[in-house]
Amino acid sequence: MRICALADIARGDALRVDTVSPPIAVFHTEDGEVFAIDDTCSHQDASLADGWVEGCEVECPLHASKFDLRTGLVDAPPAKRPIRAHTVTVSDGDIFVTLSTADPNLPPGVTL
Amino acid sequence: MSLSSLPEPVRSVTIVGASLAGHASARALRDLGFTGRITIVGGEEHRPYDRPPLSKDFLAGTAVASDLWLEGENEDLDADWRLGAMAASLDPATRTVMLADGRTVTSDAVVISTGSFAKTFPQLPAGVHTLRTLDDAIGLRAELTPGTRLVVVGSGFIGLEVAATARGLGVDVTVLGTTGNPLSRAFGTAVGEAVQGIQERHGVRIRNNTRVEAVLGQGGTGGRVTGVRLISGEIIDADVVVLGIGSIAATDWLEDSGIELGSGVVCSEVGETSAPGIFAVGDCSAWFDPVRGTHHRIEHWSDSRDRPAIAMAALLSIDAPAKALRPSYLWSDQAGSRIQFAGRLLGGETVDVEAGTAEGGDLLVVYRRGDEPVAVVGINQPKLVAAWRKRLTAPAIARPAIARSATSASEPSEPAVSIA
Ligand SMILES: Cc1cc2nc3c(=O)[nH]c(=O)nc-3n(C[C@H](O)[C@H](O)[C@H](O)COP(=O)(O)OP(=O)(O)OC[C@H]3O[C@@H](n4cnc5c(N)ncnc54)[C@H](O)[C@@H]3O)c2cc1C
Ligand code: FES
């Protein structure tokens with residue numbers, strides 16, 4: 001799935017893509033890497049695209065859980081469950097994402 | 001042992017207080033490559049757990065204790081845990097921690113992370129609660145049955161959260177605040193009105209500018225609470241009373257140590273106390289704040305979790321590139337509304353409502369010194385708060401010492417979304 005041109009997301013920024021369900025967040029890090037994970041925090045309903053990115057980690061804008069952008073694993077509480085990481089390829093200046101086929105870990109109260 | 005002969009490098013660390021800041025300290029030590037001995041002394045029997053849900057999901061019954069543990073699933077800090085053990089005193093010269101049961105732990109460095117205790121009064125009747133620990137929350141929850149009359153003394157964050165959660169459980173709730181609208185003293189009238197509105201629409205009764213003179217109970221020790229009396233003489237009946245009247249740093253055990261204490265353990269801007277090799281982090285500590293020019297105790301979750309990484313780098317004398325501290329951040333979830341604060345309020349800021357209204361419960365308020373935004377409060381505005389937080393990263397006032405090598409990290413960045 002083509003997301004957008006790499007140039008459309010500035011370094012340090014993220015894009016929330018809600019044309020898929022659940023929505024995903026695509027990050028362009030300061031180091032120039034691109035990652036895609038589920039956008040919804042596994043703790044409660046917050047958009048990780050609004051979070052703070054540091055290195056390969058995003059911090060949830062609500063209660064500050066940290067997730068590894070490469071794996072979706074929880075690096076710091078209060079979230080317990082990982083979120084899905086999707087496969088990203090950048091080709092000819094465009095970002096493509098292959099969605100994970102795993103079941104998403106949506107927070108309580110959020111459904112597809 | 002003279003202070004100049006501090007062991008170098010540090011081979012053993014004792015962490016006193018096994019909660020958010022203590023756990024984050026142990027994690028930071030391991031993340032920084034420390035392979036020496038870590039001993040963690042914790043006054044509670046529990047493994048480190050998360051406190052914010054105690055007044056929210058856990059009190060509501062939608063989260064259980066196993067949701068609260070702070071340790072990761074496969075986390076192994078290779079630490080010697082001494083849980084259910086209160087530290088009774090500390091000898092800074094030898095860095096020996098004396099436990100209440102008579103045992104001692106001696107190490108090259110000590111981390112103080114004993115947090116806060118809820119303020120309370122002696123000799124209260126049964127049915128009067130404070131809320132700080134998991135056991136407090138379990139005890140309180142058992143009493144919050146539908147129709148129960150709860151009086152919450154104090155309209156700060158914890159009082160308001162307990163009120164909202166209890167109301168959601170069908171409890172009849174009255175909050176007694178000493179100020180105008182809740183939180184208005186800290187954040188101004190717009191936020192106060194919005195918070196009052198959120199609570200009242202949820203069915204919580206809020207009474208401002210009150211002063212409780214006495215908590216009333218049936219005679220005899222262990223008699224049950226019957227209500228509270230205001231200084232006006234008015235009596236408000238209650239089956240359960242929660243005191244949400246603030247907290248004090250848990251530094252009682254340090255009183256004879258000679259370590260400098262103020263509102264909390266007085267620390268440098270990297271968390272070192274007045275005694276070499278002894279650091280303090282979390283709610284119990286008052287780090288030097290270069291912007292304020294004073295020591296300042298912060299009782300926010302995110303500061304308690306994030307500062308240990310800075311302190312542990314200093315403890316291990318690792319000259320890590322100093323990261324500028326992010327603006328302090330606090331959230332509160334009440335009656336389905338998300339209240340978020342970031343920044344630093346010194347008093348005297350101008351207050352601008354940048355989005356939403358108090359009645360709509362969707363305020364975004366920005367506080368400025370001169371033209372410089374220094375703090376933000378959002379009510380149900382997570383996107384705007386996230387954007388503003390990033391803009392607050394660089395306080396206008398030059399920050400000496402720790403920020404010296406952090407100029408690039410503290411460069412102001414444009415918000416991710418445009419702000420009307
Ligand atoms: C009900 C509640 C709700 C909260 N909600 C929010 C929120 O929504 N947002 C937010 O930002 N913050 C919130 N907070 C604040 C946040 O939880 C604290 O900032 C955080 O817990 C501080 O962590 P700490 O490790 O410094 O101290 P604490 O969590 O207080 O832990 C200190 C530990 O040290 C132990 N101890 C004390 N004395 C001794 C001794 N002498 N020897 C051994 N052990 C000792 C204590 O038993 C305790 O286990 C809330 C706090 C409470 C109580
Ligand atoms: S919603 Fe992400 S940590 Fe709570």
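Naming convention: chains lettered A, B, ... in sequence-line order (proteins, then strands); numbering from 1 in each chain. Everything quoted here is computed from the prediction, not taken from an experiment.
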Quiz item: At their closest point, which heavy atom of L134(B) faces which heavy atom of A65(B), and how far apart are they?
Solution: CD2-CB, 4.5 Å
Quiz prompt | Part of A76(A) lying under 4.5 Å from any heavy atom of chain B | solution = both
Quiz item: So what's closer than 4.5 Å to chain B heavy atoms on E30(A): side chain, backbone, both or neither?
Solution: neither
Quiz item: When only pairs under 4.5 Å are counted, which of D75(A), L73(A), V74(A) shares the most heavy-atom pairs with chain B?
Solution: D75(A)
Exercise. Report the option among A10(A), G51(A), P77(A), A14(A) that has the most heavy-atom pairs separated by less than 4.5 Å from atoms of chain B.
Key: P77(A)
Exercise. Report the C-alpha separation of R297(B) and S116(B) in whole Å, then their side-chain angles, then the decisive distance to 0.1 Å, and conclude whether the side chain to side chain contact (heavy atoms under 4.5 Å, CB included) test is met.
Key: CA-CA 11 Å; R297(B) 174 166 163 253; S116(B) 305; 2.9 Å; yes
Quiz item: Quick one: of V385(B), D57(B), L70(B), D306(B), who has the most non-hydrogen atom pairs under 4.5 Å with chain A?
Solution: L70(B)
Self-check item: Greatest number of heavy atom pairs closer than 4.5 Å to chain A - which of R305(B), H23(B), Q340(B), E73(B)
Solution: R305(B)
Quiz item: Should R307(B) and D303(B) count as an ion pair when the cut-off is N to O under 4.0 Å?
Solution: yes
Quiz prompt | E54(A) and R326(B) ion-paired at < 4.0 Å | solution = no
Quiz item: Between E75(B) and chain A, which part of the residue has a heavy atom less than 4.5 Å away: side chain, backbone, both or neither?
Solution: neither
Quiz item: Would D50(B) and H63(A) satisfy side-chain hydrogen bond (donor to acceptor under 3.5 Å, both in side chains), going step by step from the backbone distance to the final call?
Solution: CA-CA 11 Å; D50(B) 203 23; H63(A) 310 127; over 6 Å; no
Quiz item: Going by atom types alone, do S328(B) and H300(B) pair a side-chain donor with an acceptor below 3.5 Å?
Solution: yes
